[in-house]
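Everything below concerns the one structure shown next.
Remember, predicted model here, so these are calculated numbers, not experimental data. First the proteins, then the strands, lettered A, B, ... as listed; each starts at 1.
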2 protein chains.
Amino acid sequence: MTAKKPHHHGNLRAALIAAGLELLQAGGLETLSMRKLAAKAGVSHAAPAHHFANLTALHSALMTEGYKMFTDSMRAEMPLEPRDPRETILAVGRGYLNFALNNEGLFNLMFGGTPRDHNDKGLNQAADEAYDVLREICAPIVKGEGGSQANELMIWALIHGLARLVLHTKLGSLDTEQAFDTWRLILPPLEFSAYPSDITNFLAK
Amino acid sequence: MTAKKPHHHGNLRAALIAAGLELLQAGGLETLSMRKLAAKAGVSHAAPAHHFANLTALHSALMTEGYKMFTDSMRAEMPLEPRDPRETILAVGRGYLNFALNNEGLFNLMFGGTPRDHNDKGLNQAADEAYDVLREICAPIVKGEGGSQANELMIWALIHGLARLVLHTKLGSLDTEQAFDTWRLILPPLEFSAYPSDITNFLAK
DNA sequence: AATAATAACTTGACAGTGTCAACTTCAATA
DNA sequence: TATTGAAGTTGACACTGTCAAGTTATTATT
């Protein structure tokens, strides 16, 4: 981010990540390669190795960027002064779907099972920040047997499963707006507590 | 499976698929290659090309096998004489989770965004048969605004999202039994109708 | 039964891939 | 100014998918 160009290229790392995102957008994981990255940045084929020890490290870096975009996409839809907690959940779901549908390659990279570096601190933090959004919007839901975690899991599973399904049956073709309508339909009724955090409560069954 | 050995190898195709499943099980998508497949089947590196035109075709074939196993896994948990429709849904979900957790590589191949041949008839049919299970167990759910499709989407998204999440945070570590407990917790209350199959119904939108 | 046709498989090649080792260049520091 | 070390280059290696051409064995035709 700093404008200094300390060396030959002047922060190549950022350029490589940008190129990687472009490649993902253009052709998905299949067309992403270190050598193409290098070429796109106008640099020799082995240059990226100085910034990403191996493919997994590159993937982790792209995922990190992805999680930031993901978090932004969700927060962008969040009402500034939330009134109805259900509406907030629906809105964040819209941001979720926006990200998934507008960044298919990146979404697949993040959630498609590609091995990642579980010790990458930046990645873990970026992922945590995305999860924080989920925690916030689920806080008002009345806790049942599984506590707040079960609520979060339910919401996450629902919206993620939907996103995955929409991408998966893409030829069957849902645009973003139709996907959001579907999200509205499948979100089950929820009970909210006036004071999000403290109530003796339980869900049915 | 038939014991005839009509040719040099005698049905190589099946052997290649079996080898592919083994490779997926052992090391995931990364370690799956046509040449390793050929080696594993004791055949020259270009032999597979006569059975699978390209990598995508091989993937499609493995997915097809995967969907069959997937369907079997769900049906295996289905009670023979279903009493409580909710219990049936929970049971099928258990089969779903069993498949995902015991066949991670294959599951990732099927649902991770890997390009597939959308014209592969066998694959499409195998996928449809998996979806049929879902349709069956969702049939008793009272239809709302979104019709039966919305119910199916909700159940599918929930269980799929959960499976994905469990795999994803695997180091956080849930075994199959804990995953199933979670499934029990996040399945929301559902209303069931007495006569599952015949009702005047219509899909929304 | 002999021959033609064809499916199954092999061999060899090609471009592209990730990764490693050795080298060069340049910026910063001592 | 000399040295150090990071950033980038060059070249190599084993591996990948895919194609073209050749070989072998089974099936079909006459």
In whole Å, I'd like the distance from the [atom1] atom of [X] to the [atom2] atom of [N].
{"X": "B:L37", "N": "D:dT16", "atom1": "CG", "atom2": "C1'", "value": "13 Å"}
{"X": "B:H59", "N": "D:dT16", "atom1": "NE2", "atom2": "P", "value": "13 Å"}
{"X": "A:H50", "N": "C:dA22", "atom1": "NE2", "atom2": "C1'", "value": "11 Å"}
{"X": "B:R13", "N": "C:dA7", "atom1": "CZ", "atom2": "P", "value": "16 Å"}
{"X": "B:F52", "N": "D:dC19", "atom1": "CZ", "atom2": "C1'", "value": "18 Å"}
{"X": "A:H51", "N": "D:dA6", "atom1": "NE2", "atom2": "P", "value": "12 Å"}

Under 3.5 Å, side chain of [X] to main-chain N/O of [Y], donor-acceptor pair present?
{"X": "A:S60", "Y": "A:D117", "value": "yes"}
{"X": "B:Q25", "Y": "B:N102", "value": "yes"}
{"X": "B:D84", "Y": "B:R86", "value": "yes"}

Check your understanding: Which heavy atom of A:I17 sits nearest a heavy atom of A:A61, and at what distance?
Key -> CD1-CB, 4.1 Å
Exercise for review: First locate atom CG of B:L32, then atom CG of B:L109, and finally report the distance between them rounded to the nearest 0.5 Å.
Suggested key: 7.5 Å
Revision key, fill the gap. Output for pair (A:L12 CG, A:H50 NE2), nearest 0.5 Å, gives 10.0 Å
Check your understanding: Can you list the residues that meet the side-chain contact (heavy atoms from CB on, under 4.5 Å) rule with B:S33, with sequence neighbours excluded?
Key -> B:R35, B:K36
Point to revise | Residues from residues 19-26 of chain A lying under 4.0 Å of DNA chain D - heavy atoms | key: none
Exercise for review: Mark yes when over 12 heavy atoms from residues, nucleotides or ligands other than A:E87 sit less than 6.0 Å from its CD; otherwise mark no.
Suggested key: yes
If you restrict it to nitrogen or oxygen atoms, what contacts under 3.5 Å exist between nucleotides 16-18 of chain C and the protein, and what is each distance?
residue: C:dT17; atom: OP1; partner: A:S33; partner atom: OG; Å: 3.2
residue: C:dG18; atom: OP1; partner: A:M34; partner atom: N; Å: 2.9
residue: C:dG18; atom: OP2; partner: A:M34; partner atom: N; Å: 3.2
residue: C:dG18; atom: OP2; partner: A:R35; partner atom: N; Å: 3.3
residue: C:dG18; atom: N7; partner: A:R35; partner atom: NH1; Å: 2.6
residue: C:dG18; atom: O6; partner: A:R35; partner atom: NH1; Å: 2.9

Validation row: [X], [Y] side chains within 4.5 angstrom (heavy atoms):
{"X": "A:I89", "Y": "A:W183", "value": "yes"}
{"X": "A:L190", "Y": "A:I155", "value": "yes"}
{"X": "B:L165", "Y": "B:T182", "value": "no"}

Review point. Out of C:dC20, D:dG8, C:dC9, which has the shortest distance to the side chain of A:V43?
Key: D:dG8
Check your understanding: Taking atom types as modelled and ignoring hydrogens, do the side chains of A:N151 and A:R135 form a donor-acceptor contact shorter than 3.5 angstrom?
Key -> no
Review point. How would you list all residue pairs meeting ring pair (Phe, Tyr, Trp, His ring centres under 6.0 Å) that involve residues 135-165 of chain A, not counting sequence neighbours?
Key: A:F107-A:H160, A:F111-A:H160, A:W156-A:H160
Check your understanding: Going by number, which of residues 106-117 of chain B have a non-hydrogen atom under 4.0 Å from DNA chain C?
Key -> none
Check your understanding: Using the C1' atoms of the five pairs at each end, what is the angle between the end axes of the helix from C:dA1-D:dT30 to C:dA30-D:dT1, to 10°?
Key -> 0°
